[in-house]
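Below: one structure, written as C-alpha cells.
Just so we're on the same page: letters track the sequence lines, and every chain starts at 1.
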There are 2 protein chains.
Amino acid sequence: MSTTIQLSALPDVPMIEPGDDLAGVLIEAIGRAGIRPRDQDVLVLAQKIVSKSEGRYVSLDEIVPTPRALDLAEKVGKDPRMVELILRESTEVIRHRPGVLVVEHRLGFVMANAGIDQSNIPHPQNGESALLLPEDPDASCARIKARLDAEFGVNLGIVINDSFGRPWRNGVVGVALGAAGLPSVIDMIGEADLFGRKMRVTEIAFADEIAAAASMVMGQTDAGRPAIHIRGLAWNAPSTDARALLRPRQIDMFR
Amino acid sequence: MSTTIQLSALPDVPMIEPGDDLAGVLIEAIGRAGIRPRDQDVLVLAQKIVSKSEGRYVSLDEIVPTPRALDLAEKVGKDPRMVELILRESTEVIRHRPGVLVVEHRLGFVMANAGIDQSNIPHPQNGESALLLPEDPDASCARIKARLDAEFGVNLGIVINDSFGRPWRNGVVGVALGAAGLPSVIDMIGEADLFGRKMRVTEIAFADEIAAAASMVMGQTDAGRPAIHIRGLAWNAPSTDARALLRPRQIDMFR
C-alpha cells in the first residue's frame with residue numbers, strides 16, 4: 001500500500017433531489033475538481049445523497065402507527081410515526097431505553113433508528129418527512145461504479161458511508177453501508193508478522209476504515225461535503241461488498 | 001475544516017526497543033521526511049511502538065496462572081499464562097467463548113484480550129513474551145506532544161491507536177487509546193443542519209475516526225509504518241483526551 005493517501009471533498013456538489021442522476025452529478029464534480037481518476041481511486045458517498053437521489057423520502061403524516069409502535073414510542077420517548085417507520089425497516093429490536101432505539105435493519109446493520117434520519121433533509125410546510133437508507137446500498141455502489149468506470153476508463157472503488165454509534169464508546173464514526181470495487185474485509189490469516197510469527201488478527205474492516213476516514217473529512221452539519229475522493233490506497237484482495245462486514249447472528253455475542 | 005487531508009507514513013521508523021526515546025525517534029523521522037510541522041497537524045502512533053518504548057514486555061515464562069485463569073483458559077482455548085495476564089490487566093470479563101475473550105481493561109476500554117499482543121514483537125529463544133498496552137496512553141500522548149511541540153514550535157495533535165474488533169461487524173478498525181492536543185469527541189448538540197433543523201447526532205468520535213484513517217495507512221503486518229502524519233484537519237472544540245471516548249458503564253446497554 002502507498003504510504004501517502006489524500007482525501008479531498010468534491011467541490012460544489014449540489015443539493016440532491018429525488019430522481020437526480022447521482023453518477024452524472026459526481027462525474028461533473030470530479031471534472032470541476034480537475035481530478036483525473038485512476039485505478040483504485042475510491043469515492044465515498046454520504047448515505048444521505050444516495051438516499052435522496054433514490055427518492056427514499058417518507059411523509060410522516062401518512063404513517064399510522066400500530067399498537068406495538070405506540071407502545072415502544074412511549075418507552076423510548078420518540079414520535080410514534082418514526083418508531084412505526086423504524087419497525088417497518090427492521091427485523092428485530094436489539095435494545096431500547098428512553099432516547100435510544102437500536103434495531104437490526106432489514107439489510108443486517110445493527111444501528112440506531114434503522115438509519116432513518118430527519119436532519120439535513122427538506123420538510124414540507126406543516127409536515128414532516130424522513131429519509132430511509134438506500135434500498136440496496138451495495139447495488140447502488142455497483143451501479144455508480146459502472147457509470148464512473150465507463151466514463152473515466154478506470155477501475156474505481158465506491159463506498160457509501162453513514163455514522164453509527166457503538167457500544168462502550170461515545171460518539172459516532174463513519175461505517176460502510178455499501179461498497180463496490182474494493183475488499184470490504186481484508187483477510188490477514190496466515191500472513192507472517194515482522195518476526196515471522198503468524199498474525200492472530202484475522203480480518204481488517206477495510207471499507208469501515210475508509211468510511212471513517214471520509215467521515216472525518218465530511219463533518220456532520222455541512223451537507224456540502226457529501227462526496228470524498230481518496231487517492232493512494234492499494235489492495236490485492238478480491239472485491240467484496242459491504243455485506244461481508246456483517247457478522248452472522250449465530251456467532252455474534254452482543255444481541 | 002479543510003476539504004483536503006493528507007496522511008503520510010513517516011519513513012524508516014526504526015524498530016523500537018525498551019527505553020528508546022520515542023519522541024526523539026519521531027523528531028528525526030519527521031526531519032527525514034522533510035515535513036515542517038504546523039499547528040493542528042496530527043501524528044498517529046501505533047500502540048505497539050509506544051508500548052515497546054515504555055518497555056511493556058512481560059515474559060510469559062514468569063507468569064503463574066491462578067485457578068480462575070486456568071479455568072477460563074480452558075473455556076476459551078488460550079494459553080493459561082496469557083489469560084492470567086489478561087485478567088491482571090482487566091477489571092471485568094465481558095464475554096467469552098472458545099477463541100474469544102472480551103474484557104474491560106483497567107483503563108476502561110472494552111476490548112479483546114486486554115489489548116495484549118504477541119505478534120510483531122521479538123520473543124526470547126525457548127520462551128515467549130507478550131506486550132501490554134501503555135501504562136497511561138493519554139499521558140504518553142501528552143509527553144510526546146510536549147516534546148514535539150517544543151521542538152517544532154507548534155501545537156500538534158497526538159493519537160495512539162490500536163485495532164479493535166466490534167460487535168455485529170466483522171473485522172477490526174483503528175480506535176484511539178490515547179490523545180492529546182485535539183478534541184477526542186466533538187459535540188454537535190445544538191448546531192443547525194443545512195435546513196436549520198437542530199442536529200440529532202450529538203457527538204462525533206473524532207479521535208476514533210482519525211485512528212481508523214491512520215490504521216488504513218498503517219496496514220497490519222508491516223510494522224514499518226507505525227507513525228502517520230496527518231495534515232489538513234482543523235477543529236475549534238477544546239482538547240479532550242481519549243478517556244472522553246469511554247461510555248460510562250451506567251449508560252452502556254451492551255455489558
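Under the 4.5 Å side-chain criterion, counting only non-hydrogen atoms from C-beta, Gln6(A) is not in contact with Ile5(B). Put simply, the side chain of Met216(A) does not reach to within 4.5 Å of the side chain of Ile204(B), judged on heavy atoms. Contact of the Val172(B) side chain with the Glu209(A) side chain is not registered, since no non-hydrogen atoms from C-beta on lie closer than 4.5 Å.
Side-chain atoms of Arg166(B) never come within 3.5 Å of backbone atoms of Pro167(A) as a donor-acceptor pair (strictly under, hydrogens ignored). With Arg169(B) contributing its side chain and Leu245(A) its backbone, the two residues share no donor-acceptor pair below 3.5 Å. A donor-acceptor pair is defined here as one N or O able to donate and one able to accept, closer than 3.5 Å; such a pair exists between the side chain of Trp168(B) and the backbone of Phe254(A).
Heavy-atom distances place both the backbone and the side chain of Ile251(A) under 4.5 Å from chain B. Contact annotation for Ala244(B): only backbone heavy atoms (N, CA, C, O) come within less than 4.5 Å of a heavy atom of chain A. Proximity to chain A (any heavy atom under 4.5 Å) is restricted, for Ile94(B), to the side chain, taken from C-beta onward. For chain A, the nearby parts of Ile210(B) are the backbone and the side chain; heavy atoms of each come within less than 4.5 Å.
In terms of heavy-atom pairs under 4.5 Å with chain B, the best-connected choice from Ala214(A), Ala205(A), Ala211(A) is Ala205(A). Chosen from Ala176(A), Pro11(A), Ala112(A), Pro248(A), the residue pairing most often with chain B at heavy-atom distances under 4.5 Å is Ala176(A). Residue with the most contacts toward chain B among Val102(A), Ile230(A), Asp208(A), Val175(A): Asp208(A) (heavy-atom pairs, distance under 4.5 Å).
Residues Asp252(A) and Arg97(B) come closest through the heavy atom pair N-NH1, 4.4 Å. When every heavy atom of Met253(A) is checked against every heavy atom of Arg95(B), the shortest pair comes out as O-NE, 2.8 Å.
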Verdict with reasoning, Leu7(A) to Leu7(B), per side chain to side chain contact (heavy atoms under 4.5 Å, CB included): CA-CA 8 Å; Leu7(A) 299 96; Leu7(B) 299 96; 3.1 Å; yes

